[in-house]
Amino acid sequence: MAVAARILMMRLVILMARMVDVVRSMDTVATPLNSPSPAPAAPNPGIFKVVGQSGVPAMHAGLMPNGRVIFLDKVENYTQIKLPDGQYAYSAEYDPATNTVAGLQYATNAFCSGGAFLADGRWVSLGGNAPLAFIDPTVGDGFTAIRYLNRSSTDASLDGSNWSEPGNKLSTARWYATAQTMPDGTVFVASGSLNGLDPSVPANNNPTYEILNTEGISSGKSIPLKILEKNQPYYMYPFVHLLNNGDLFIFVSKSAEVFNVEGNQTVTALPDLPGDFRTYPNTGGSVLLPLSSANDWAPEIVICGGGAYQDITSPTDPSCGSVQPLSDNPTWAMESMPGGRGMVEATLLPDGTIIWVNGCNQGAQGFGLATASTLEALIYDPTKAVGQRFSTGSSSTIARLYHSCALLLLDGTLMVVGSNPVQMPVLTPVPNQTPSEDYVTEFRVEIYTPPYLQDNAQRPTNVVLSSLSLTANGSPFIVVFNAPTGNTVCKVVLYHGGYVTHSLHMNHRMLFLDNTGYVSGATMQTLTVTMPPNNNVAQPGPYVIYVTCGGVPAIGQFVMVS
Ligand SMILES: *[C@@H]1O[C@H](CO)[C@@H](O)[C@H](O)[C@H]1NC(C)=O
Ligand SMILES: *[C@@H]1O[C@H](CO)[C@@H](O)[C@H](O)[C@H]1NC(C)=O
Ligand SMILES: *[C@@H]1O[C@H](CO)[C@@H](O)[C@H](O)[C@H]1NC(C)=O
Ligand SMILES: *[C@@H]1O[C@H](CO)[C@@H](O)[C@H](O)[C@H]1NC(C)=O
C-alpha cells in the first residue's frame with residue numbers, strides 16, 4: 001500500500017515536472033541564446049558533507065586502483081603536511097575509507113600539469129612550471145617533467161610510495177598541457193606554455209603535440225597543431241576526447257575539430273560553439289556522454305560554461321552546447337544552466353547522469369580573479385531532450401574556485417576538493433586585496449552523496465567478476481552479484497575517472513556494457529557481460545566496474561582493460 005502510494009506520488013511529481021518542462025521549453029523558444037534557463041529542483045538533491053582535510057591544495061586529483069585519491073599541487077610556502085626531510089609535501093594520498101591523508105614526495109614542480117593513466121596502469125603527470133628554490137631547493141624544474149605513480153588494486157605494498165621521475169622528459173616545455181591515452185596505449189600530449197608567461201605573447205606558446213610511447217616515454221618530437229596556433233591566446237588546456245573511430249575531438253576557445261593523430265591532420269572542422277570562450281583562462285567544462293552499443297558507441301560531447309576575458313569583472317556564460325562530432329553534419333544543440341558559470345566541471349555518474357559542480361558566476365581563472373562562487377550541484381540527464389536535461393541539486397557551503405576538483409569514488413559518491421585561487425596559500429580571507437584574497441586556500445574535503453544513494457538506497461552486493469583483467473575486443477566476462485529486493489533494471493558500467501585538474505577530466509569516460517542473463521526480481525544474478533569491441537571505445541588502462549540496480553551502484557571494483 002505504502003509502496004503503491006509512493007509510486008503514484010512519484011508519477012505525479014514526474015507529470016508535474018513534465019508540465020513545467022513544457023512551459024519552460026515554450027519559454028526558451030523566445031529567450032536569447034546565452035541567457036540562463038531555470039532548472040527544476042531534483043526530487044532527491046543529494047547531500048554535501050565535509051569529511052576530512054586534503055593535506056595539500058588539491059590542484060590535480062585522481063582515483064587510484066588502490067581506491068585512494070592522489071592530490072597533486074605546485075610548490076607552496078605552506079601545506080598541511082611535512083615530509084620526513086622537513087620540506088612541505090605538495091602531493092598526498094587520501095584514503096576515503098578512513099579520511100586520512102599522507103604526504104608524497106615529488107622531484108619537479110607539477111604546477112598546472114596534465115596527465116593520464118598509462119596502459120600499464122601507472123598514472124603520469126606531464127609538464128609543469130619552474131622551480132622555486134627559495135621556497136624549496138629539493139624540487140626541480142617541472143616544465144618538461146614526466147612523473148610516474150604506480151598503485152595497484154592487488155599490491156598494497158605500493159600504497160604511500162612517492163612519485164618516480166627516472167629522468168624521461170617531454171620534448172618541449174609544457175605548462176597547462178592536456179593528455180589523452182590513445183587506443184594503442186600511446187599518449188597524445190598537447191599544448192602548454194613554454195615559460196609560464198603571458199599567453200597573449202605568441203613566443204610564449206607551445207601550440208604543438210607530442211606522443212609518449214606505452215611506457216610513457218616521449219618520441220622526442222613536438223609537432224605543430226594548427227587549431228592551437230589559430231586560437232591563441234585561448235589554446236591552453238584544450239578539451240580532448242577520444243572518439244570511437246580512433247580520432248580525437250579537440251576543442252579550444254570556441255573552436256572544435258576532429259583530428260587524426262596518425263595522419264597528423266584535421267578530418268573535420270566543426271562549427272564554432274556559440275557564446276563566450278570555453279577554455280583557459282575562461283574555462284567551462286567538457287564531458288563525453290556515456291557510451292553504449294545502442295547507438296554503436298557514437299560519441300556526444302557537452303561543453304558548458306565559460307567566460308569573456310581574464311579578469312575578475314568578466315561575465316560567465318550559462319550556455320551549453322552538445323555535439324555529435326562524427327555525425328554527418330555536426331551542429332551544436334544549445335541549452336542553458338540556471339546561471340552563468342566559469343570553472344564548472346562535469347563528472348559522469350554510474351546511473352548515467354552527469355553532475356556539474358564548482359566554479360563561479362563572475363571572473364576568470366588566475367590568482368584572485370574569481371568571485372560569486374556557484375555552490376549548487378547541477379544534475380544533467382542526457383536521456384532527456386536538450387533543454388530539459390538540467391535539474392538543481394543541493395548546494396555546498398564551500399567556494400570551489402581556481403584549482404579545485406571533483407571525482408567519483410569507488411562507493412559511488414563524489415569527492416569535491418580544492419580551491420587555491422591565490423599565489424601562495426592564504427588561510428583566512430584578507431579583504432580589499434588586489435588580486436583578491438577574499439577566497440582562500442581550501443583544504444576541506446567534501447563528499448557529495450548523489451540522489452541515487454539517498455533515502456536508504458539498496459546497493460547490489462557481493463559483486464564477483466570472473467576476471468580483473470579484461471580485453472576490449474567484444475569478449476565476454478561474468479558478473480555474479482546479489483540484487484536488492486524489488487530490483488528493476490541492473491546494468492554494468494565500465495568507468496574511467498582519468499586525471500582531473502582545472503575543470504578538465506582528461507581521459508574521463510563511461511560505458512554501459514551489454515549483458516544477458518538478468519532474471520527480473522531475483523536476488524542472485526549471474527550476468528554475461530560483453531566488453532566493448534575495441535580500444536577506440538575504451539582506451540587501455542585501469543577502469544572501475546560498477547554494477548547498478550535502479551541506478552544504485554554497488555561498490556566499484558578496479559579492473560585493467562587492455
Ligand atoms: C607497478 O606495480 C605492479 C604491482 O606491484 C607491478 O607489477 C608493476 O611492474 C609496476 N609497474 C612498474 C612500471 O614498475
Ligand atoms: C618519500 O620521500 C621522502 C622525502 O624524500 C622520504 O623521506 C620517504 O622515505 C619517501 N617515502 C617512501 C615510501 O619511499
Ligand atoms: C603535421 O602537420 C602540420 C600542419 O598542421 C605541419 O606543420 C607539420 O609539419 C606536420 N608534421 C609532421 C611530423 O607530419
Ligand atoms: C607565503 O607567501 C606569501 C606571499 O606570497 C606570504 O604572504 C605568506 O606569509 C607566506 N607564508 C608562509 C607560511 O611563509
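Read the numbers this way: they start at 1 and go in the same order the structure lists the ligands and their atoms.
In this structure, atom 6 (C) of ligand 4 lies nearest to the protein heavy atom Asn77 ND2, 4.1 Å. Counting protein heavy atoms only, atom 13 (C) of ligand 2 is closest to Gly160 O, 3.7 Å.
In the vicinity of Pro84, heavy-atom distances shorter than 4.0 Å reach the ligand 2 atoms 7 (O). Within ligand 3, counting atoms from 1 as listed, the ones closer than 4.0 Å to a heavy atom of Pro224 are 3 (C), 7 (O). Those atoms of ligand 3 that come under 4.0 Å of a heavy atom in Lys226, given as number and element, are 4 (C), 5 (O). Using a 4.0 Å cut-off to heavy atoms of Met424, the atoms of ligand 4 that qualify are 1 (C), 2 (O), 5 (O).
Contacts between Ile223 and ligand 3, counted as non-hydrogen atom pairs separated by less than 4.0 Å, involve the side chain only.
Applying side chain to side chain contact (heavy atoms under 4.5 Å, CB included) to Leu407 and the options His508, Glu345, Met415 leaves one that passes, Met415. If you run side chain to side chain contact (heavy atoms under 4.5 Å, CB included) between Ile250 and each of Thr266, Thr178, Ile227, only Ile227 comes through. Among Ser255, Ser200, Ser253, Pro199, the one residue that satisfies the side chain to side chain contact (heavy atoms under 4.5 Å, CB included) test with Tyr234 is Ser253. Partner of Tyr499 under the side chain to side chain contact (heavy atoms under 4.5 Å, CB included) criterion, out of Leu126, Ile70, Leu72: Leu72 alone.
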Please assess Thr108 against Phe143 for the test side chain to side chain contact (heavy atoms under 4.5 Å, CB included), listing each intermediate value before the final yes or no. CA-CA 8 Å; Thr108 59; Phe143 268 114; over 6 Å; no
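The CG atom of Leu273 lies 9.5 Å from the CZ atom of Phe239; values are rounded to the nearest 0.5 Å.
Protein heavy atoms are absent from the space less than 4.0 angstrom from atom 9 (O) of ligand 2. Counting only heavy atoms, the protein gets under 4.0 Å from atom 2 (O) of ligand 4.
At a 3.5 angstrom cut-off on N or O pairs, Asn162 counts as close to ligand 2. Any N or O atom pair closer than 3.5 Å counts here, and Lys221 shares no such pair with ligand 3.
Under the 4.0 Å criterion applied to side-chain N and carboxylate O atoms, Arg278 and Asp317 are assigned as salt-bridge partners. The residues Arg400 and Glu446 are annotated as salt-bridged, a charged nitrogen and a carboxylate oxygen being separated by less than 4.0 angstrom.
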